[in-house]
Amino acid sequence: MLIKNGNVVMVEDGKISKMDVLIDKGIIAEISPEINRNDVEVIDIEEKFLIPGLIDMHVHFRDPGYTHKEDIHSGSKAALAGGFTGVLMMPNTDPPPDNATVVYYWKEKSKNIPLNILFSGCITKGRAGKELSKLHELKEAGVVAITDDGNWVANGAVFRHAMEYAAALDLLVITHAEEPTIANRGVINEGYWSTVLGLRGIPKAAENVAIYRDIEIAKITGAKLHVAHLSTAEGVRLVAAAKKLGLKVTAEVTPYHLVLTDEALAGYDTNLKVNPPLREAEEQKALLKGLLEGVIDVIATDHAPHASYEKNVEFNDAPFGMEGLETAFPVLYTELVLTKKITLEKLLLKMTVNPAKILQLPKQGDIKKGNYANLTIIDPKLTLKVSEELLVGKSKNNPFLGKTLTGWPVMTIYQGIVAYQRLLKGVQ
């Protein structure tokens, strides 16, 4: 395959250049201002952006146990439609992967899908926070990370033992940082809007206290700690301090925490009920600043699909989470790149190169000769209104429904094969 006339974004070099890219046997074989070949399929992308395939290190595919929300196949379709060529699945399933059985089920179900699907295992059995999972067994089965995502491991001794094992096994530990007794069954950020709306608030302290403890344990164990879905200014400060000490601490932020605040909840839209919750504008500014300064390494969607009947209830009764794989890039391109709050190159650093490094993915994350041909074509002029018909995943709990966004993926290539192509006929 030969891709011609693209604005090729080479992320680590920080360059966007008009280049042709030749793909041979699933590998990037040549990058040059002009390549002419008559013996290969030619795709002329007419100065669209050619970017590395996006990598999302925080998705929920709900399989097994909750496949009415999403499953591995439907989640993979959503990922590819969003321009992603790699994802890390979270263990919030039934049964959860606290042993190798579920991991082997995932592997079998995903083996023919043109997407690099990575797996995380549970830190504790049943994600209950009491007894360690079979971590050696999970590592041998192929997990790259352990997490009780959705729950914080409140028992400090258990978490320390998990971190000690993780350091020995070279496993990444992902923490869902929220001290549950401080969160106290809250449903939105504690502040002005929780008071106005009459909803129980989640104090920022719940997140900050948990991050502080987890970093202290990372300090004494030497394990790799990744803070999921950071949402507070103090959390950013704590991660920055850990990095200055040379600790193996990384962090992610979601697209919605970067572009939305708790003011958006004025209409009680349950699609905006997420955990951690949307915070005030001051926290949002701190998150963007932390992203620009390199404190926050990764943008991850925390793709959390739910069936419409589960979300179409009273706010207190609705589950946390929004689905977001398909709209992540156009949301960020529209709200951050086009407004000049961040450059395209820096945005992509957080969505390609950095997650590839944290997950130790060889030959992925950037457009370089010898790397896998995991590529996404972005049309920077394509403007579409988000609708349920536009979304290909099972669930439609997307807070950007009805919003017009620019900069959509139009083709996703996985190891040299076209895995997704956007068909726009009839789409308004």
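Partners of Thr101 according to the side-chain hydrogen bond (donor to acceptor under 3.5 Å, both in side chains) rule, which considers only residues two or more places apart in sequence or in another chain, are Asn99. Take Trp106 and apply the ring pair (Phe, Tyr, Trp, His ring centres under 6.0 Å) test, not counting sequence neighbours, and it matches Phe119. By the side-chain hydrogen bond (donor to acceptor under 3.5 Å, both in side chains) test, Glu207 is found to be paired with Ser231, Arg279, residues two or more places apart in sequence or in another chain being considered. In this structure, Asp149 has no salt bridge (charged side-chain N to carboxylate O under 4.0 Å, His left out) partners at least two apart in sequence or on a different chain. With sequence neighbours excluded, no residue satisfies side-chain hydrogen bond (donor to acceptor under 3.5 Å, both in side chains) with Glu326. The side-chain hydrogen bond (donor to acceptor under 3.5 Å, both in side chains) test applied to Asp39 returns Arg37, not counting sequence neighbours.
Distance check: Phe329 CZ to Leu347 CG gives 6.0 Å after rounding to the nearest 0.5 Å. Distance check: Lys396 NZ to Leu401 CG gives 9.0 Å after rounding to the nearest 0.5 Å. Separation of atoms CD1 (Ile377) and CD (Glu46) is listed at 10.5 Å; rounding is to 0.5 Å. If you take CG on Asp262 and OG on Ser194, they are separated by 8.0 Å, rounding to the nearest 0.5 Å. Atom CG of Leu361 is separated from atom CD1 of Ile55 by 5.5 Å, given to the nearest 0.5 angstrom. How far OH of Tyr256 is from CG of Asn271: 12.0 Å, rounded to the nearest 0.5 Å.
Judged purely by distance below 3.5 Å, without hydrogens or angles, the side chains of Asp56 and Thr301 pair a donor atom with an acceptor atom. For the residue pair Gln415 / Asn374, no side-chain donor-acceptor distance below 3.5 Å is found, with atom types taken as modelled. In the model, Thr406 has no side-chain atom that pairs as donor or acceptor with a side-chain atom of Thr334 under 3.5 Å. At a cut-off of 3.5 Å, with distance as the only test, no side-chain donor of His60 or Glu70 sits close to an acceptor on the other residue. Using modelled atom types and a 3.5 Å distance limit, the side chains of His73 and Ser76 yield no donor-acceptor pair. Side-chain polar atoms of His58 and Glu252 form a donor-acceptor pair below 3.5 angstrom. Glu323 and Asn398 form a side-chain donor-acceptor contact under 3.5 Å, judged by distance and modelled atom types alone. Counting only N and O atoms by type, the side chains of Asn5 and Asp44 include a donor and acceptor under 3.5 Å apart. Side chain to side chain, Thr250 and Asp297 fail the donor-acceptor criterion of an N or O pair below 3.5 Å. No side-chain donor from either of Thr254 and Asp302 sits under 3.5 Å from a side-chain acceptor of the other.
Asp98 places no side-chain N or O within donor-acceptor distance of the main-chain N or O of Gly121, the cut-off being under 3.5 Å. When atom types are taken as modelled, the side chain of His303 and the backbone of Gly324 share a donor-acceptor pair closer than 3.5 angstrom. Under a 3.5 Å cut-off, the side chain of Lys273 and the backbone N or O of Asn316 do form a donor-acceptor pair. Looking at Asn354, its side chain never comes within 3.5 Å of a backbone N or O of Val298 through a donor-acceptor pair. Formation of a donor-acceptor pair under 3.5 Å by the Thr270 side chain with backbone atoms of Lys311 is found in this model. In this structure, the side chain of Ser395 does not engage the main chain of Pro305 through any donor-acceptor pair within 3.5 Å.
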Worksheet entry | Derivation and outcome, side chain to side chain contact (heavy atoms under 4.5 Å, CB included), residues Leu375 and Leu50 | CA-CA 7 Å; Leu375 305 165; Leu50 182 66; 3.9 Å; yes
Worksheet item: Is there a side chain to side chain contact (heavy atoms under 4.5 Å, CB included) between Thr327 and Trp408 once you walk through the steps?
Response: CA-CA 8 Å; Thr327 54; Trp408 289 81; 4.1 Å; yes
Worksheet item: Could you go step by step and tell me if Ile3 and Ile45 meet the side chain to side chain contact (heavy atoms under 4.5 Å, CB included) rule?
Response: CA-CA 7 Å; Ile3 302 174; Ile45 64 173; 3.8 Å; yes
Discussion item. Could you walk me through whether Ile413 and Met1 satisfy the side chain to side chain contact (heavy atoms under 4.5 Å, CB included) test, starting with their C-alpha distance in whole Å, then the side-chain angles of each, then the deciding distance to 0.1 Å, before giving a yes or no?
Written reply: CA-CA 11 Å; Ile413 297 166; Met1 182 187 296; 3.9 Å; yes
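The shortest heavy-atom contact between Gly83 and Thr376 is O-OG1, 2.7 Å. In plain terms, the two heavy atoms of Ser120 and Leu88 that are nearest each other are N-CD1, 3.8 Å. The minimum heavy-atom distance linking Leu349 with Pro355 is given by the pair O-CD, 4.0 Å. Scanning both residues, Leu197 and Tyr268, for their nearest heavy atoms gives O-OH, 2.7 Å. Residues Ala128 and Thr124 share a closest heavy-atom pair of N-OG1, 3.3 Å. When every heavy atom of Leu260 is checked against every heavy atom of Phe400, the shortest pair comes out as CD1-CZ, 3.9 Å.
Ion pairing between a basic and an acidic side chain is recognised when a charged N comes within 4.0 Å of a carboxylate O; Lys403 and Glu335 show such pairing. By the 4.0 Å N-to-carboxylate-O rule, Asp94 lies too far from Arg127 to be salt-bridged with it. A salt bridge links Lys69 to Glu310: one of the charged nitrogens lies within less than 4.0 Å of a carboxylate oxygen. Salt bridge present: Lys368 and Glu12 bring a charged side-chain N and a carboxylate O closer than 4.0 Å. Look at Glu283 and Lys285 and you find no salt bridge, because none of the NZ, NE, NH1 or NH2 atoms lies under 4.0 Å from a carboxylate O. Salt bridge annotation for Lys204-Glu280: present, with a cationic side-chain nitrogen under 4.0 angstrom from a carboxylate oxygen. A salt bridge links Asp20 with Lys4; the closest basic N to acidic carboxylate O contact falls under 4.0 Å. A salt bridge is defined here as a Lys NZ or Arg NE, NH1 or NH2 lying under 4.0 Å from an Asp or Glu carboxylate O, and Asp71 with Lys394 meets this definition. Salt-bridge annotation for Lys18 and Glu47: present, with a side-chain N of the basic residue lying under 4.0 Å from a carboxylate O of the acidic one.
Few gaps surround NZ on Lys243; more than 12 heavy atoms of other groups in view lie less than 6.0 Å from it. Other residues, nucleotides and ligands place no more than 12 heavy atoms under 6.0 Å from the NE2 atom of His136. Around the NZ atom of Lys134, the shell of radius 6.0 Å holds no more than 12 heavy atoms that belong to other residues, nucleotides or ligands. Atom CD of Glu30 sits in a crowded spot, with more than 12 heavy atoms from other residues, nucleotides or ligands closer than 6.0 Å. The local environment of OH in Tyr165 is sparse, with at most 12 non-hydrogen atoms from other residues, nucleotides or ligands closer than 6.0 Å. More than 12 heavy atoms of other shown residues, nucleotides or ligands fall within 6.0 angstrom of atom CG in Leu292.
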